[in-house]
Protein chains: 2
Amino acid sequence: MSVSAPRRAPVQTRERLMNAAFEEVYHNGFQGSDLKAILARAGVTKGALYHHFDGKEALGHAVIEHVIARITQDKWLAPLDDVDDPIDALLGILDDTGTSDAEVNGGCPLNNLAQEMSPLDEGFRRRLSEIFTNWIGGVSDALRLGQINEKVRNDIDARDTATYLVATYEGYISLAKTAQDSRVLISGMKQLRLYLESLRA
Amino acid sequence: MSVSAPRRAPVQTRERLMNAAFEEVYHNGFQGSDLKAILARAGVTKGALYHHFDGKEALGHAVIEHVIARITQDKWLAPLDDVDDPIDALLGILDDTGTSDAEVNGGCPLNNLAQEMSPLDEGFRRRLSEIFTNWIGGVSDALRLGQINEKVRNDIDARDTATYLVATYEGYISLAKTAQDSRVLISGMKQLRLYLESLRA
DNA sequence: AATATCATACATACTGGTTGGTATGTCAGT
DNA sequence: ACTGACATACCAACCAGTATGTATGATATT
């Protein structure tokens, strides 16, 4: 195995490209993102990009599959995995939701891209929809386990409730982004906490 | 006063341009909208556009102020204006929410544009944010009047509740758009109806 | 009433810069 | 020597914006 990093590190180059693309897309949208800006941010040239990816669209797909999917995994799915009390876990996740100006003004990377690209490109839409499905599925599974553990009310439908949570969560993030006002988001998270408490068995 | 429409109808031309721009922006986003497509749809040429508007950006601003603002007014504010029981009125509005494929896949014009343009252009953001503020304000006022009329519970905060309703409503529309599945939206409206019923005095 | 005047309301042709994509070159490592 | 991993130079298309031309219709003038 190689110890020192090779001068030419294809894996790292790919990652740098995807991370740079993620940042640019997060701030400008996919259509608004300039390849040159992505390359400059990644510190590579066009040759590297087109060596690793088929083009801008393929890079966008890779960003969804690798960067955005991981964010959802880390923030939501991992903390909910096989947990005893999902209400507590969900409350913790809400507490971790950033309310800095940068995050409030930027919105949710997943939803941003979904709203922009879903109607335009089926490849984007399918990948983004899959992340939403996994997200809601993870919340749903956790709630069901909580019902078995008698931590969550049994008279609610886990999937409907999970969908409701995700929809409201994303809705507040969107509102706060447009208003550019963290108070909207903070108030929303408070409302969601109240809702979560109402789900306890 | 002139009876027959004049060959050159500036007011109508402006409206045609704004409506065409609205449709194109609704389907492709603002950045993704081609001026040529807008002009073709409006049936006018570039000369007309730049005679009536300063450019693409100004046309976008006009679309928000005239087309999108009117949609919100007609769908939400008018039915809620000075109504006796806001819960009934809100339920009626939810029933009017379209669940056709075109509407589900297209999402909410207001939120679509807000998510795309808010971080990019302060002129867009301010105008869009104002519509959201009016929207939430209208729901809020109706709820407060309902509290006075003893149709709405007094232990809720009208503004927080209105914001919650709008956030959840928009969140479901966004989810359904990405999933391209009207069942998501139908299920969401059902959840919102349950929530509304829980607000009755 | 007929005509001249003139600003409005467009249409057409053109341009300059941007942008995604390509073709080619080169160097590192095996 | 040869393939993978880039860098550089170039290109063609697109697209917002502009410059210019022209016709319409209202108003002023005689």
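Any value given below was found using the heavy atoms of this structure, including those in side chains, with hydrogens, waters and symmetry copies removed. All chains are named by letter (A, B, ...) in the order of the sequence lines, taking the proteins before the strands, and each is independently numbered beginning at 1. Just so it is clear, the model here is predicted, and its values are computed rather than measured.
- Applying the 3.5 Å distance criterion, the base of D/dA7 shares no donor-acceptor pair with the side chain of A/K46.
- Within a 6.0 Å radius of CZ in A/R183, no more than 12 heavy atoms belonging to other residues, nucleotides or ligands are found.
- Rounded to an integer number of Å, the gap from B/L35 CG to D/dT18 P is 12 Å.
- Phosphate contact (OP1/OP2 of C/dC10, side-chain N/O of B/H51, threshold under 4.0 Å): absent.
- At least one side-chain nitrogen or oxygen of B/H52 sits closer than 4.0 Å to the OP1 or OP2 atom of C/dC10.
- In this structure, of C/dG20, C/dC10, D/dA7, it is D/dA7 that holds the atom nearest to the side chain of A/A48.
- Projected onto DNA chain C by closest heavy-atom contact, B/T45 and A/K36 fall at different nucleotides, the more 5' of which corresponds to B/T45.
- One finds a side-chain N or O of A/T13 lying less than 4.0 angstrom from the OP1 or OP2 phosphate oxygen of D/dC6.
- Residue A/Q115 holds its CD atom at 12.0 Å from CG of B/L113, rounded to the nearest 0.5 Å.
- Side chain of A/D34, nearest nucleotide from C/dT22, C/dT19, D/dG17: C/dT19.
- Within the model, atoms NE2 of A/H52 and CZ of A/R16 stand 11.5 Å from one another, a figure rounded to the nearest 0.5 Å.
- With hydrogens and angles ignored, no donor-acceptor pair closer than 3.5 Å exists between the side chain of A/K56 and the base of C/dG21.
- With ring centers used as reference points, B/Y164 lies under 6.0 Å from B/Y195.
- Rounded to whole angstrom, the span from the CD1 atom of A/I38 across to the C1' atom of C/dG21 amounts to 14 Å.
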